[in-house]
Amino acid sequence: MLKNLPKTYNPKDFEDRLYDYWLTNDYFKARVNKDKEPFTILMPPPNVTGNLHMGHALNNTIQDILTRWKRMEGYETLWQPGTDHASISTEARVVAKLRKEGKSKEELGREGFLEEAWEWTRLYGGNIKNQLKKLGVSCDWSRDRFTLDEDMSKAVEEVFIRLYKKGLIYRGDRIINWCPNCVTAISDAEVEHQDSHGHLWYIDYPVKDSDRKITIATTRPETMLGDLAIAVNPEDERYKDLIGKMAILPLVNREIPIIADEYVDMEFGTGAVKITPSHDPNDFEVGERFNLGHLVVMDDKGKINSNGGKYAGLDRFEARKRIVEDLKEQGYLNKIEEHDNAVGHCERCDTVIEPIISKQWFVKMEPLAKPALDAYYEGKIRFIPERFGKIYVHWLENIKDWCISRQLWWGHRLPVYYCDDCDEIIVSRTQPEKCNKCGSTSLTQETDTLDTWFSSALWPFSTLGWPEETDDLKYFYPTDVLVTGYDIIFFWVIRMVFSSIEQMGEVPFKDVFLTGLVRDSQGRKMSKSLGNGIDPLEIIDVYGADALRFTLVTGNTPGNDMRFHMEKVEANRNFANKLWNATRFVLMNLDEEVVKEEFDLAELEEEDKWILSRLNDVIKNVTENLEKYELGLAAQKIYDFIWDDYCDWYIEMVKSRLYGEDAKSKAIAQRVLLYVLKDINKLLHPFMPFITEEIWQYLPNTDMALIISQWPKYDERLEFKEAERAIEFVKSSIKAIRNARAEMDIAPSRRSNIIFVAENEGVKDLIISNKRYFIDLASAEEVIIRESKEGLDNSFISVVLDKAEAFLPLKDLIDYEKEIGRLEKEKEKLEDELRRVEGKLSNEGFVSKAPEKIVNAEREKKVKYEEMLAKVLERLESLKKDMVE
RNA sequence: GGGCGAUUAGCUCAGCUGGUUAGAGUGCCACGUUGACAUCGUGGAGGUCAUUGGUUCGAUUCCAAUAUCGCCCACCA
């Protein structure tokens, strides 16, 4: 006797156990194997101290589906996991923790602080990995990497040094984005522009040796402390005579020149603009052109520094208020206008960014961007969906140099040493003994660390052992597909592309599958501050990982945001339950001895052929969908096949055989049931790995784990188009009969004879050979075939079918009015259809230009509808006549 | 200021290269305790596929414009 499944589907009973089972059997492990094609996916490394959120759940589910599917297809699959040190974020959290303890970063010093940070990482670092495991991810944990691992760091240094030697990394004074809260420079990508309602302050600057004034407009009046000029457009008639004169900076009484530069827009404001080279990127450029020099008036915390005179020490926003007050008081404030503009905010802490001149390290982007663009144009990189290619191109075409130095400690320290005596810069992996210029032995290492994305940009090859030429690297690189959120294209995707092309000479991945955002049920972004986040782990706890996974991939297309509804998770849990119970049913009806043999093609009955043929189709379509990354469609097809075809029809059709006396027929049914069930579990496995593996363990004749079983293949011997047509006829007839009965309020339990009158021998045979289904599924007492309609009067319900008519003798129940109503409805439906078809066919253009196949199909429909309509009309007339009498 | 996406049943969404009686889940209504499943079964109601043009024999599907919502990019002080 076969062991059967527990009575209720309870994912908690087996999900963790199966994950351990897969792990201990090394099924996730990838090895260089020359006999197989490799398939590689890089997991976007989550923040090491982070927690699993729906975004992770979504993209890791997708990656796992692809990985499991490819593994079953026979590829040597590597899904490379790892975590990211997330410098700014982690450092901020450690700093916050220290603050709570009354300590500060500075007190502890660099080493002490790093110890704390490592401790923190050890404490929380495992969380996200364990959470991912709950989801069922089949990545190779034996290859787990952390961006601060020694070999990862080695790769980082190597790339830094190479780029420096090539002149692609430089140090310089540039306007960068400064976050006064994080106290570090950040890159352009890390700045978020937010529209805000602000003001435009018009300030009068007196012109020296004149009674004239020149009025400028500014959104940041506090920066006037650092003004080094006023600029006007050279073509501007209003100011031509002032060019070359000096203006007097109000409040500080410093003299600044009035200069002319094309950059000034005559239409905006007053056409005159204050130039603050140290606090504005445009002004910086003007300053360079005119050699204005620099004057920084703010410190790293966003406070006015000693160059700000009496305002020194004030926070920038406080200073703004005071300066405006003072200007007003002293009569310099001309007017204030409402003004909307986009203000840069720190992507991580939401603080208003301060553009400020600062000495930082940069990657020269132009030479790196070019090959990355070419790769795209040459089709070496493909985006799914395609539209994101435009975003990629646009960013690369407008790229600016990448500021990579951060004033943080948690991260990769720049491999840079400065000579204390001659300021020589030495880039070296280890501390040089002496300065190679002046010979001084007094050298200091750069204190800055690198942007976190500098290290994750190398992930595609650093994880495979680069710069060593490892076998892994040769075999698994380049990777096949990257699955990530569209919000990370600039941060990560692009940087991996140019870094990989530069170092490896080849793109890091062929396809980029972009996911959308998972929103809450009201369409809002899930966020901590709103408190509307849904914890994937709680969902898994209640409904199981399979239900969650299925929810995340169905009814969703790449790159589109989705809303998360609990009802959907529930529906998918129900689906799992359905499969569970279908399996229970099958198992309790299998004879172990019987199913040891496979079914014989010659002995198949009609519905066997039908389900096998349908399965064959599903295999083909699902595989095609997966190849095109149409995961949602693939999932839907499997779902429909299992629920509709297998459970609702095939199992129901086969029941009488299982309970019947015909041993041979019964045996075949058992074998087909099992055969199809096995393939169902295979097809569903990538999507719902746990329940399918669990079921697999109970199925007879399975000698290995489902996870490493072979993906089903389309088999042309199992294509039975004729049987499909036959069963489709049976199904639609049963539905029509059920429908008629329901509309006539006849309880399903009340059986009645069904009398068929067929129009030709073929249909007649079809009905005879499928008799039993009408008994089992359409509440037939007995199925009777008659040659003509004679005697089938109005005491019978008439169900008009294609090329046949069914009659249900329900004399005592029949309600003429109801029956007329039902047939009227049928009539209208047919008439509508007929009108549509006739409209088409009477269209000259359609008949002459449309493909013959389409035209013929319409012609067939026309005949069919006409025939059916005639029958309906005949019946209606007869009924109405009867009514009158 | 540029670019992009969405608009299909009450709700959430599929619908891939133009031809289907436009689908699913959920919700709603009616019926159902048949030996896998009430986390179920059977049936039903519910859509002029945002609007307007265009291409075409034929448009939910392709093109253009409009409207509404949303997103991304951008140094107009």
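Just so it is clear: chains get the letters A, B, ... in the order the sequence lines come, proteins before strands, and each one is counted from 1.
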Round to the nearest Å and state the distance from A:L658 atom CG to B:rG35 atom C1'. 12 Å

Counting the atoms with a prime plus P, OP1 and OP2 as sugar-phosphate, which does A:N398 contact under 4.0 Å by heavy atoms, base, sugar-phosphate, or nothing? nothing

Roughly how many Å is it from OH in A:Y9 to P in B:rA36, rounded to a whole number? 21 Å

Once you round it to whole Å, what is the distance between C1' of B:rU21 and CG of A:L869? 15 Å

Should the side chain of A:K390 and the base of B:rC4 be counted as holding a donor-acceptor pair, with the cut-off at 3.5 Å? no

Is it the case that the base of B:rA77 and the side chain of A:E267 share a donor-acceptor contact (distance under 3.5 Å, atom types as modelled)? no

Check every strand shown and say whether A:I854 touches a base, only sugar-phosphate, or nothing at a heavy-atom separation below 4.0 Å. base

Which whole-number value in Å describes the distance from A:W395 CH2 to B:rC71 P? 19 Å

Touch check for A:Y263, heavy atoms < 4.0 angstrom, all strands: base, sugar-phosphate only, or nothing? base

For B:rU42 versus B:rC71, give the span between their C1' atoms, rounded off to a whole number of Å. 45 Å

Counting the atoms with a prime plus P, OP1 and OP2 as sugar-phosphate, which does A:R563 contact under 4.0 Å by heavy atoms, base, sugar-phosphate, or nothing? sugar-phosphate

It should be established whether A:R836 places a side-chain nitrogen or oxygen under 4.0 Å from OP1 or OP2 of nucleotide B:rU21. yes

Could you let me know what B:rC31 is paired to, Watson-Crick or G-U wobble, both distances under 3.5 Å, or none if it's on its own? B:rG41

Where the side chain of A:P851 is concerned, which of B:rG15, B:rU39, B:rG19 is the nearest nucleotide? B:rG19

When you check the gap from the basic side-chain N to the acidic O, do A:R289 and A:D261 get nearer than 4.0 Å? yes

Geometric cation-pi criterion A:K655 and A:F585, 6.0 Å radius, 45° cone: yes

Would you classify A:D640 as touching base, sugar-phosphate or nothing, given that sugar-phosphate means primed atoms plus P, OP1 and OP2, and contacts are heavy atoms under 4.0 Å? nothing

Rounded distance in Å - CD (A:Q636) to P (B:rC13): 15 Å

Charged N-O contact under 4.0 Å between A:K849 and A:E844: no

Please report, rounded to the nearest Å, how far the P atom of B:rG10 is from the NE2 atom of A:H565. 16 Å

Categorize A:Y865 for me: base, sugar-phosphate, or nothing, with a 4.0 angstrom heavy-atom threshold over every strand shown. base

